[in-house]
There are 2 protein chains.
Amino acid sequence: MISNDLLKGTLRTIVLKLLKENSRLYGYEITQKVEELSGGEIKLTFGALYPVLHKLEAEGYVVTEKEHNGKRVRIYYSLTPEGVSWAQSLVDEFEDFVLTMRLILQPLPAQ
Amino acid sequence: MISNDLLKGTLRTIVLKLLKENSRLYGYEITQKVEELSGGEIKLTFGALYPVLHKLEAEGYVVTEKEHNGKRVRIYYSLTPEGVSWAQSLVDEFEDFVLTMRLILQPLPAQ
DNA sequence: GCATTATGTATAATAAACTTATATATTTGT
DNA sequence: ACAAATATATAAGTTTATTATACATAATGC
């Protein structure tokens, strides 16, 4: 399992990227996808996920649609155009972050 | 500049790794090294650094020695054996984290 | 039939971590 | 003299995630 400390700050990145790849997902599905894609290394908790989803909605990055199958209500989340471009920004930002971290964590032998 | 959100949780990793490479450093020197190594992309604030250093000391990962040159007091921090091995663990953990994040952020085209 | 597991959304209290603001003081360059 | 750089440190506030909890349905095993 990946340390929670490292995961902090990547929740939005993960959620937005998954929504970008999948057009629409519901909350529970997001937790499943994350666990599946990460090979069980990352497990989102609902207490962390839903506040983020609600905030993303309030900020205009995602929109929701309710769907009833049987008596069960499912809330699907999908990206707005702003959400799509922010998703890409956050993924790019993550890669920059990794490159920068490596400057510190892997100093060149010749240095 | 790297997003603060991403940086959260990596402070300990950065500090311990720098101390591992440098045998001993004082607080101000750590902020300088981080800025220098990261090409200005990462700037530690003292409000974040000192609490971490104090906590690492309290937990037995670093020890301090005061040095007086003139009237100025410098507090040097260096790793204990536990600190050395934890530094390596955190660096390894960071690389695992990156690999896992990429499983989510860069799904294979064939997938 | 009953219990358990899986599915599903959500909030509240708490804890951890960092940011921002602030305080204090010395040294160096101009 | 004055400003900028050097140096350590704390306090208040904010953000963010964890843990615990609540509620409810559907499917599966026994």
Side-chain angles (χ1 to χ4, degrees), chain A residues 1-16 19 24-36 40 42-59 62-78 90 97 101, chain B residues 1-16 19 24-36 40 42-59 61-78 90 94 97 101:
Chain A
M1 274 283 281
I2 296 298
S3 149
N4 288 329
D5 283 343
L6 290 175
L7 233 47
K8 288 181 182 180
T10 61
L11 225 175
R12 267 167 195 67
T13 307
I14 290 171
V15 169
L16 288 174
L19 286 173
R24 71 172 203 169
L25 294 169
Y26 51 98
Y28 188 80
E29 206 177 6
I30 292 174
T31 66
Q32 300 294 93
K33 285 231 178 255
V34 169
E35 189 169 348
E36 179 195 320
I42 300 178
K43 289 177 187 175
L44 298 191
T45 59
F46 299 120
L49 177 62
Y50 285 114
V52 165
L53 286 172
H54 299 334
K55 201 171 181 197
L56 288 173
E57 188 183 11
E59 293 168 340
V62 310
V63 289
T64 59
E65 18 171 7
K66 281 191 185 177
E67 215 160 272
H68 301 260
N69 38 349
K71 286 192 173 179
R72 175 163 294 177
V73 178
R74 249 183 210 165
I75 302 176
Y76 283 95
Y77 297 85
S78 54
L90 287 183
F97 164 64
M101 280 296 287
Chain B
M1 274 283 283
I2 297 299
S3 148
N4 287 329
D5 283 344
L6 291 175
L7 232 48
K8 286 180 184 183
T10 60
L11 226 175
R12 266 166 196 67
T13 307
I14 290 172
V15 169
L16 287 174
L19 286 174
R24 71 173 205 169
L25 294 168
Y26 52 97
Y28 188 82
E29 206 176 5
I30 293 173
T31 66
Q32 300 293 95
K33 285 231 179 257
V34 168
E35 189 169 350
E36 179 195 320
I42 300 177
K43 289 179 188 176
L44 298 190
T45 58
F46 299 119
L49 177 61
Y50 285 113
V52 165
L53 286 172
H54 297 335
K55 201 171 181 197
L56 288 173
E57 188 184 8
E59 293 168 341
Y61 296 111
V62 309
V63 288
T64 57
E65 20 172 3
K66 282 192 183 176
E67 215 160 273
H68 301 260
N69 40 348
K71 285 193 175 179
R72 175 161 291 174
V73 177
R74 248 183 209 164
I75 300 176
Y76 282 95
Y77 296 85
S78 55
L90 287 182
F94 183 79
F97 165 65
M101 280 295 289

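In the text below, chain A, chain B and the rest are named by the order of the sequence lines, each starting its count at 1. Predicted model only: the values in this text are computed from it and were never measured.
Spacing between atom OH of A:Tyr50 and atom P of D:dT16 amounts to 20 Å, rounded to whole angstrom units. Rounding to whole angstrom units, CG of residue B:Asn4 and P of D:dA17 are separated by 14 Å. As a whole-Å value, the separation of A:Lys8 NZ from D:dA17 P is 8 Å. Across the protein-nucleic acid pair, A:Leu49 atom CG and D:dA20 atom C1' stand 17 Å apart, rounded to whole Å. Separating the CZ atom of A:Arg74 from the C1' atom of C:dA10 is a distance of 17 Å, rounded to the nearest angstrom. At whole-Å resolution of the value, CG in A:Leu6 and C1' in D:dT16 are 15 Å apart. Rounded to whole Å, atom P of C:dT9 lies 11 Å from atom CG of A:Leu25.
In summary, B:Glu29 and B:Arg74 do not engage in a salt bridge, as defined by a charged side-chain N under 4.0 Å from a carboxylate O. The pair B:Arg72-B:Glu67 does not meet the salt-bridge criterion, since no charged nitrogen lies less than 4.0 angstrom from a carboxylate oxygen.
Using a 4.0 Å heavy-atom cutoff across all strands shown, B:Gly27 reaches sugar-phosphate atoms only and no base atom. The residue A:Gln32 sits close only to the backbone: its heavy atoms come under 4.0 Å of sugar-phosphate atoms, none of a base. Contacts of B:Leu7 with the nucleic acid, taken as non-hydrogen atoms under 4.0 Å apart, are absent. In this structure, A:Phe46 reaches the bases: a heavy-atom distance under 4.0 Å links it to at least one base atom across the strands shown.
Summary of the strand contacts: B:Thr10 and A:His54 both lie near DNA chain C, and taking for each the nucleotide with the nearest heavy atom, the more 5' one is attributed to A:His54.
B:Glu35 places no side-chain N or O within donor-acceptor distance of the main-chain N or O of B:Gln32, the cut-off being under 3.5 Å.
Dashed line: the shortest gap from a side-chain N or O of B:Tyr26 to OP1 or OP2 of D:dA7 is under 4.0 Å. When the side-chain nitrogen and oxygen atoms of A:Lys55 are compared with OP1 and OP2 of D:dT16, one or more of them lie within a distance under 4.0 Å.
Not a single ring-ring contact (aromatic ring centres under 6.0 Å, His included) links A:Tyr77 to another residue, sequence neighbours left out.
Distance check, rounded to the nearest 0.5 Å: OG1 of B:Thr64 to OH of B:Tyr76 gives 13.0 Å.
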Pairs under 3.5 Å (N/O, protein and nucleotides 26-30 of chain C):
{"from": "C:dT26", "atom 1": "O2", "to": "B:Arg72", "atom 2": "NH2", "distance (Å)": "2.2"}
{"from": "C:dT27", "atom 1": "OP1", "to": "B:Lys71", "atom 2": "N", "distance (Å)": "3.3"}

